[in-house]
Each structure stands twice: as C-alpha cells, then as structure tokens.
Amino acid sequence: MNDEQNFKERRQYKRIKKNFVLTYYDITKPDQRFSTTQLKNFSQGGVCLITDQKFPKGTILRLEIKSPFFVNITQMEGAVLESHERVKDIIYETRMQFKDLPKETEDVLLKSVEFFEKKESGYE
C-alpha cells in the first residue's frame, strides 16, 4: 500500500473539491482580515484554503464564506493543521480542522457534502 492510499484511509470525512470565495483572519487579530481567498476543498471536519502567508500550526482562523449555497453559514472556526508553501513567499495551502462548530453548521456541512457527492456522481 502506498502513502497516498494510506493517507486517504485515515481521513474521517470525505473531501469535496469546490472553489468558494471567503475571507479569513486569525482570531487573535480580528482587525487584520485577509481579503478574499479561495477554498480549495472542504469536508465536515475541515478545509484546505489558499492563503498569502504561512500560519503556525494551532493558529485559530475564522472563515467567512461568501456563497449562496452557504447562506446559513457565515462564520466557521478551526485550528491550522499545516500551512505549506506552494509558490515561494506568495501562495500557501493551509489545512485546518474545524473546532466547536454549532450543530446547525455541522448539519449544513453534511448536507453540502451529500449534495456535491450526488452531483459529482450524476445523481441529482
């Protein structure tokens, strides 16, 4: 078994590859909001987003998603798991795990994952 197969089996939630626009910031510095970025993928447990700086592991980020599909979700918080450089000093891929999501937000994430899974498989 190769490393990629092993990694996929360790995931608790299925990732959905969708690009949504969002704003994010470190909750310890709410006045330093980072302008629009792109959400690379999401699951019930977390997200991978494109950032313009590297964040230390454990940093708590708040996301504000701007998408009609997520109309009921305006903010989500999570801890940075990893932030690695994709383009030197310009683009970073930052993975974060959600923490303390309200039940309503968890439900919307679950419904979103199910919706996109059906759409991708051709069952609408």
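Position 1 is the first residue of the sequence, and the numbers go up from there. These numbers come from the heavy atoms of this one structure, side chains and all, not from hydrogens, waters or symmetry mates.
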J.: If you compare all heavy atoms of Ile60 against all heavy atoms of Lys99, which two are closest, and at what distance to 0.1 Å?
T.: CD1-CD, 3.6 Å

J.: Using the rule side-chain contact (heavy atoms from CB on, under 4.5 Å), only one of Val47, Leu49, Leu63 pairs with Phe42; which is it?
T.: Val47

J.: State plainly whether the residues Asp107 and Lys111 are in salt-bridge range, i.e. N to O under 4.0 Å.
T.: no

J.: So, taking the atom named CE in Met76 and the one named OG1 in Thr105, what distance separates them when rounded to the nearest 0.5 Å?
T.: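 Reported value, rounded in 0.5 Å steps: 7.0 Å.
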
J.: Would you indicate whether the side-chain heavy atoms of Glu93 and Ile50 approach each other to under 4.5 Å?
T.: yes

J.: What I'd like to find out is whether the side chain of Phe98 reaches to under 4.5 Å of the side chain of Glu106, using heavy atoms alone.
T.: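 They are not in contact (no side-chain heavy atoms under 4.5 Å apart), so the answer is no.
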
J.: Rounded to the nearest 0.5 Å, what's the gap from CD on Gln44 to CD on Glu114? Could you check?
T.: 7.5 Å

J.: How long is the straight-line distance from CD1 of Ile27 back to CD of Gln75, given to the nearest 0.5 Å?
T.: 11.0 Å

J.: Glu85 side chain to Asp89 main-chain N or O, any donor-acceptor pair under 3.5 Å?
T.: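 Such a contact is found between Glu85 side chain and Asp89 backbone.
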
J.: Would you say that Glu64 contacts Leu22 through its side chain, given a criterion of any heavy-atom pair below 4.5 Å between the two side chains?
T.: no

J.: With a 4.5 Å heavy-atom cut-off, do Thr51 and Tyr24 have their side chains touching?
T.: yes

J.: State, yes or no, whether a side-chain contact exists between Met96 and Glu77 at a heavy-atom distance under 4.5 Å.
T.: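 Side chain of Met96 against side chain of Glu77, heavy atoms only: no contact under 4.5 Å found.
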
J.: I'd like to know if the side chain of Thr59 and the backbone of Phe55 have a donor-acceptor N/O pair within less than 3.5 Å.
T.: no

